[in-house]
Amino acid sequence: GARSIWQVSRVPIDERFSLIELVNRTAEADISRAHTDFVANASHELRTPLSSIIGYVETLADPEAKVPPAMAAKFHTTVLREARRLQTLVEDLMSLSRIEAEKHEFPREKIDLGQMAQTIGGEVGFTVGEERILVETEPALVQPTLVQGDRQQLDQLIRNLIDNALKYGDPVAPVTVRLHTEGRDAVLEVIDRGEGIHPDHLPYLTRRFYRSDPGRSRAAGGTGLGLAIVKHIVERHRGKLDISSTLGHGSTVTVRLPLVTAPAP
Ligand code: ADP
C-alpha cells in the first residue's frame, strides 16, 4: 500500500538499493535451492537403475559367477526393465525441459479436445485389453471442443492423467474421461475409483519426483514426473489444474483450458 512505499522512500538511497538486492538475492537463493534439489533428485533417480544394470551385467559377464541359465534369464529381464525405466526417466526429463523452455510461447494450433480424448481413450483401452476407459462427453456437446494448444503436449497431458488413473485406480472399476464446457473453458476430467489420495499429499503432487507412495509408484513404472509435466503443460496453455480426491473412493483430476473463441462477426 501507499504507507509501505512511503516507508521505503524514507530509507537512504544506498540502503534502498541493498533492500532491493536483498529481495532479489532471496528469490535467487530460492530458485537456486530448487535447482540444486532437482539435480540431486534427478541424479539419485538415474543412479538407482544404473547401479542395478551394472551389477547384473557384471555378474552375468563374470565366468566365476557361473550364473545358471534360469537365473541368467531373470537377470536379463531385470536389466531390460531397469534400462526401460532409465529411458522413461530421460524422456520425462527432456519433456519437462522442453515444455519449460516454451513456457512463454502460447501455442497456436486449434485442437479438438473431445476427439483427442476419444482417440487416446480408445487406444489405451485397447492396450489394457478391457473396456475400462470411457470417454464421456456432455450430451449437449455435439460440436467440436476446440482449444488453442500444442497437439503433442495435450496428447501427453491426457495420456499422463489416464496413465495415473490406471496405475492408482481400482483395477476392476472403469476410468472415466469426461469433457464439457463451462463459460469460455473446456473442462476435462479424468476420474478413477481407486483408493484416493490423502489430503496431506494433495498440495505436493505436482512437484517433481513427489510420490505419496514411492514403492507403489516405482513398481508401476512411475517416474514421479507425470503430474509435474501436466502442470507445466496446463500453465503453458493458460489453463487451470485441480486435483481432488476422497480417500477410499477415488480421485478426479480437472483441467480447464480456454476455448478458441469465435471471431467477432
Ligand atoms: P508417478 O510417476 O509416481 O505416477 P506423477 O507425477 O504422475 O508420478 O504422480 C505423483 C504422485 O501422485 C504419484 O506417485 C501418486 O502417489 C499420486 N497420484 C497421481 N495420480 C493419482 C491417482 N489418480 N490416484 C492416486 N494417487 C495418484
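Just so you know, ligand 1 is whichever comes first in the structure, and atom 1 is the first atom listed for that ligand. Quantities reported herein were computed from a predicted structural model and do not represent experimental measurements.
Counting only heavy atoms of the protein, atom 23 (N) of ligand 1 lies nearest to Asp192 OD2, 2.7 Å. Atom 7 (O) of ligand 1 has as its closest protein heavy atom Asn164 ND2, 2.9 Å. Among protein heavy atoms, the minimum distance from atom 12 (O) of ligand 1 is reached at Leu205 CD2, 3.3 Å. When hydrogens are left out, the protein atom nearest atom 3 (O) of ligand 1 is Ser217 OG, 2.5 Å; that is the closest non-hydrogen contact. In terms of protein heavy-atom proximity, atom 16 (O) of ligand 1 is nearest to Ser212 OG, 2.7 Å. Protein heavy atom closest to atom 13 (C) of ligand 1, with residue, atom name and distance, is Tyr168 OH, 3.4 Å. Taking atom 11 (C) of ligand 1 as the reference point, the nearest protein heavy-atom neighbour is Tyr210 O, 3.7 Å. The protein heavy-atom contact nearest to atom 6 (O) of ligand 1 is Leu227 N, 2.8 Å.
Leu257 and Met116 fall within the same hydrophobic cluster, where Ile, Leu, Val, Met, Phe, Trp and Tyr residues are linked whenever their side-chain heavy atoms come under 4.5 Å apart, directly or through other members. In the hydrophobic cluster analysis, where Ile, Leu, Val, Met, Phe, Trp and Tyr join through side-chain heavy atoms closer than 4.5 angstrom, Leu205 is grouped together with Ile99. Linking Ile, Leu, Val, Met, Phe, Trp and Tyr residues whenever their side-chain heavy atoms come within less than 4.5 Å leaves Ile191 and Val187 in two separate clusters. Using a 4.5 Å cut-off between side-chain heavy atoms of Ile, Leu, Val, Met, Phe, Trp and Tyr, with links allowed through other members, Val230 and Tyr210 fall into the same hydrophobic cluster.
The distance criterion of under 3.5 Å between nitrogen or oxygen atoms is not met by Ile197 with respect to ligand 1.
Residues Arg208 and Glu45 are not paired through a salt bridge, judged by the lack of any N-O separation under 4.0 Å between the basic side chain and the carboxylate.
A donor-acceptor pair under 3.5 Å links the side-chain atoms of Asn160 to the main chain of Gly226, judged by distance alone.
Test Arg236, Lys103, Arg108 against Asp150 for salt bridge (Lys or Arg N to Asp or Glu O under 4.0 Å) and you get one pass: Arg236. The side chain to side chain donor-acceptor pair (under 3.5 Å) test with Asp155 is passed by exactly one of Arg159, Gln152, Arg151: Arg159. Looking at Glu189, Glu182, Glu235 one by one, the single match for salt bridge (Lys or Arg N to Asp or Glu O under 4.0 Å) with Arg256 turns out to be Glu182.
Near Gly224, meaning under 4.0 Å from any of its heavy atoms, are these atoms of ligand 1: 1 (P), 2 (O), 3 (O), 6 (O), 8 (O). Atoms of ligand 1 found under 4.0 Å from any heavy atom of Ser251 (numbered from 1 in listed order, with element): 24 (N). Counting the atoms of ligand 1 from 1 in the order shown, those under 4.0 Å from a heavy atom of Leu225 are 6 (O), 8 (O). Close contacts of ligand 1 with Thr223, meaning ligand atoms under 4.0 Å from a residue heavy atom, involve 2 (O).
Within the 4.0 Å heavy-atom shell around ligand 1 one does not find Gly194.
The shortest distance between side-chain heavy atoms of Val177 and Ile162 falls below 4.5 Å.
The part of Lys167 lying near ligand 1 is the side chain, judged by heavy-atom distances below 4.0 Å.
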